[in-house]
Amino acid sequence: MDKKIINTASTPTDKPDFQSSNAQSSNAQSSNAYQRHGRTTAIDDHSDLQVLKRIKRYLLPKDFTISPALLDEIVAGYDIGDPLADALAAQSIKFAKPLQHTILSDSSNNNPASNYLVNNPLFSALTEQFSSHPDWFDPKLAQIGAIAYRRYPLMLIWLLRNVALMAGYSIPALSLPLIQTGALMHDALPRLMRTYAYILAVSEHPSSNMSTVNQNKPIEQVLAIGSEGWRQSIQVRQIHTLVRQSLLKGKGSAATGVIPNAEQHHNPDGSWNTDYWGIPINQTDMIATHLQFSLLIMRGLRLLGARISTEEAEGILHLWNLASYWMGVDLDRLPKDEAACWEWLYTYLSIQQLDFKMGQPLAKALHDLPRQLMGEDNRRGRFVEMVNASVTRTLVGDDIGDGLDLPKSKIRFGVLSSVPILFALDTARQHNASVAHKLEAFRAKRQDNMNWWLKKNDDYYK
């Protein structure tokens, strides 16, 4: 199998690795050390990618260079899934429902479905992880982040679909598991809304007051034990584990006939090619997803005019640190602050093979949603699609937009008209309690309107 896959973003060059003056033989040794998977390219292959140029120019120190230690850590993470959950899956144990019941029910309410697992050391370890918050978790800081994250409902869905998800579709290591399982392609709307529901659940906080909407118990704190965010984290972790095991066994075949040369992406027996891709849904790719939902959305909010303070930014990352920890990410691997997050993301993006042809089916399914809902000839649907594509091109880059075959609009920069509006509203909110109250009422109503699919299909939001 060829080591390189289709790369439409840039042409590999012969520049020395780490951009240093070391001898060519030393560079070759460094290359061999981190390019042991086919998915990994040389660190300067994508140096012209717009998103990398922007990160380096505006968000990294002037003297920044890629750390070989971080590079090795990222690559090592390709070969690690979720050891605890994977070990339970190897015993054919589905842990989500028994785990929730064991933690939330009292001892007098015995459930045979979970009782037989009590003495299983793996299940006990998982129970301990989900029974209480870790010592490092600060609920006050997390709530500050959750309030800021939830403050802009329209921007939140814009950035989820057009930045966090669309940007990830250019990276085959992230998109192939979705394609192999048919996720976000054959059921694009339900998958998108379930993802949206998860980021809402993670950022749910007492003042969001879901109890006035759906008769649920009042929310006491962000990501409380037994909260919807807690429940969904357990469910998502189980889903990831089952998908990982299924792909490793070669049971994901939805890519056949959808992407070119689908057979090159698995072993001859149909099993997942771990030498090329690493373990599916591995530690490194889960951290990348964590940063898609936290760092990239937070950056997008700021670019669109939102005033997010340093403390609120810290709170958003803190909030998602707990969610990612619950989903099986090794805490020691998570970058510790915003600066470290940008260094991690820049390093990760620098070495990912790009295959836009693979991501195009996912991008098309997501892009076409408005007209699927409103009708093929609906002008509003076409307008919404152009706005969505403009958000991707403006915030992520035209090179990725072109690669994913997204349309161009002559008025694409119109999305930036939100900047002075949102900035002015945020400024007024900070200095006038009456304005803040009115904006919160508007936000809650807007958020409720945007939950239309969830209110029809999800018991929690009905």
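The structure presented is a predicted model; accordingly, all values stated were derived computationally and were not measured. Scope of the values below: all heavy atoms of this structure, side chains included, with no hydrogens, waters or symmetry mates.
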Listing, residues 287-294 side-chain donor-acceptor contacts under 3.5 Å, not counting sequence neighbours, or none:
residue : atom : partner : partner atom : Å
T289    : OG1  : D285    : O            : 3.0
H290    : ND1  : W320    : O            : 3.4
H290    : ND1  : S324    : OG           : 2.9
H290    : NE2  : N321    : OD1          : 3.4
Q292    : NE2  : A164    : O            : 2.2
S294    : OG   : H290    : O            : 2.7

Throw together a table of side-chain donor-acceptor distances under 3.5 angstrom for residues 382-389, partners on residues two or more places apart or in other chains.
residue : atom : partner : partner atom : Å
R382    : NH1  : D377    : O            : 3.4
E385    : OE1  : R371    : NE           : 3.0
E385    : OE1  : R371    : NH2          : 3.1
E385    : OE2  : R371    : N            : 3.3
E385    : OE2  : R371    : NE           : 3.3
N388    : OD1  : N162    : ND2          : 3.1
N388    : ND2  : V384    : O            : 3.3

For a quick test of your reading: what N or O donor-acceptor pairs under 3.5 Å do the side chains of residues 296-307 make, sequence neighbours left out?
residue : atom : partner : partner atom : Å
R302    : NH1  : E338    : OE2          : 3.0
R302    : NH2  : I308    : O            : 3.3
R307    : NH1  : T427    : OG1          : 2.7

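Sorted by first and then second residue, the salt bridge (charged side-chain N to carboxylate O under 4.0 Å, His left out) pairs with a member in residues 219-242 read D82-R237; sequence neighbours excluded. Note on residues 52-76: pairs passing ring-ring contact (aromatic ring centres under 6.0 Å, His included), not counting sequence neighbours, are F64-Y346. For residues 385-436, no residue pair satisfies the ring-ring contact (aromatic ring centres under 6.0 Å, His included) rule, not counting sequence neighbours. Under the salt bridge (charged side-chain N to carboxylate O under 4.0 Å, His left out) criterion, the residue pairs touching residues 433-443 are E440-R443, with sequence neighbours excluded. For the salt bridge (charged side-chain N to carboxylate O under 4.0 Å, His left out) condition, the pairs that include at least one residue of residues 409-418, sequence neighbours left out, are D398-R412.
A donor-acceptor pair is defined here as one N or O able to donate and one able to accept, closer than 3.5 Å; no such pair exists between the side chain of Q353 and the backbone of I171. Using modelled atom types, no side-chain atom of E314 and backbone atom of A142 make a donor-acceptor pair closer than 3.5 Å. T394 contributes no side-chain N or O that, together with a main-chain N or O of V391, makes up a donor-acceptor pair within less than 3.5 Å. Not a single donor-acceptor pair under 3.5 Å links the side chain of R39 to the backbone N or O of G278. Although no hydrogens or angles enter the test, the distance criterion places no donor-acceptor pair under 3.5 Å between the side chain of S246 and the main chain of V243. At least one donor-acceptor pair under 3.5 Å links the side chain of Q283 to the backbone N or O of G81. No side-chain donor-acceptor contact under 3.5 Å links D44 to the backbone of S47. Side-chain atoms of H46 come within 3.5 Å of backbone atoms of Q352 as a donor-acceptor pair (strictly under, hydrogens ignored). Between the side chain of E128 and the main chain of A125, no donor-acceptor pair closer than 3.5 Å is present. Between the side chain of W453 and the backbone N or O of L189, no donor-acceptor pair lies under 3.5 Å.
To the nearest 0.5 Å, atoms CG (L404) and CG (L362) are separated by 9.0 Å. Atoms CD and OG1, on E73 and T347 in that order, are 10.0 Å from each other to the nearest 0.5 Å. A distance of 9.0 Å separates OG in S418 from CG in L154, rounded to the nearest 0.5 Å.
Heavy-atom minimum distance, P280 versus L248: CD-CD2, 3.6 Å. Listed here is the closest heavy atom pair of A188 and A365: CB-O, 3.8 Å. Of all heavy-atom pairs spanning A89 and T241, the tightest one is CB-CG2, 3.6 Å. Shown here for Y325 and Q129, the closest heavy-atom pair between the two residues is O-NE2, 2.8 Å. Across A96 and Q235, no two heavy atoms sit closer than the pair CB-OE1, 3.9 Å. The two residues P177 and P172 make their nearest non-hydrogen contact at CD-O, 4.3 Å.
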- Using the side chain to side chain contact (heavy atoms under 4.5 Å, CB included) rule, take T195 and Y198 through it: C-alpha gap first, then chi angles, then the decisive distance, then the call. CA-CA 5 Å; T195 305; Y198 182 60; 5.7 Å; no
- Task: May I have the step-by-step check of side chain to side chain contact (heavy atoms under 4.5 Å, CB included) for L406 and I400, ending in yes or no?
- Result: CA-CA 9 Å; L406 298 176; I400 289 179; over 6 Å; no
- Message: For a ring-ring contact (aromatic ring centres under 6.0 Å, His included) check, start with the C-alpha distance between W277 and Y78, then their side-chain angles and the critical distance, and finish with the verdict.
- Response: CA-CA 7 Å; W277 298 110; Y78 295 157; 9.8 Å; no
- Kindly indicate, with the supporting measurements, whether the criterion side chain to side chain contact (heavy atoms under 4.5 Å, CB included) is fulfilled by Y196 and N451. CA-CA 9 Å; Y196 178 56; N451 291 353; 3.5 Å; yes
- Item | Evaluation steps, side chain to side chain contact (heavy atoms under 4.5 Å, CB included), between W342 and I55 | CA-CA 7 Å; W342 286 117; I55 292 174; 4.0 Å; yes
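With sequence neighbours left out, the side-chain contact (heavy atoms from CB on, under 4.5 Å) criterion links S203 to A146, Y149, R150, L319. By the side chain to side chain donor-acceptor pair (under 3.5 Å) test, R333 is found to be paired with no residue, residues two or more places apart in sequence or in another chain being considered. Partners of D138 by side-chain contact (heavy atoms from CB on, under 4.5 Å), not counting sequence neighbours, listed by chain and number: K140, L141, H318. Applying the side-chain contact (heavy atoms from CB on, under 4.5 Å) criterion to S271, with sequence neighbours excluded, gives N267, D269.
By the 6.0 Å contact criterion, NZ on K53 is open, its count of non-hydrogen atoms from other residues, nucleotides or ligands being 12 or less. In R446, the CZ atom is not crowded: 12 or fewer heavy atoms of neighbouring residues, nucleotides or ligands sit closer than 6.0 Å. Open room surrounds CD on E311; 12 or fewer heavy atoms of other groups in view lie less than 6.0 Å from it.
Put simply, the side chain of S207 reaches to within 4.5 Å of the side chain of I147, judged on heavy atoms. Using a 4.5 Å heavy-atom threshold, the side chains of W230 and L223 count as separate. In this structure, the side chains of W344 and C341 stay at 4.5 Å or more apart for every pair of heavy atoms. Side-chain contact between M166 and V396 is absent, with no heavy-atom pair separated by less than 4.5 Å. Annotation: side chain of L99 is in contact with side chain of T127 (closest heavy-atom distance under 4.5 Å). In this structure, the side chains of S350 and Y348 stay at 4.5 Å or more apart for every pair of heavy atoms. L192 places a side-chain heavy atom less than 4.5 Å from the side chain of L160.
Side chain to side chain, H37 and D79 meet the donor-acceptor criterion of an N or O pair below 3.5 Å. Between D355 and Y169, the side chains place no donor N or O within less than 3.5 Å of an acceptor N or O (distance only, hydrogens not considered).
Remark: R244 engages D86 in a salt bridge, criterion side-chain N to carboxylate O under 4.0 Å.
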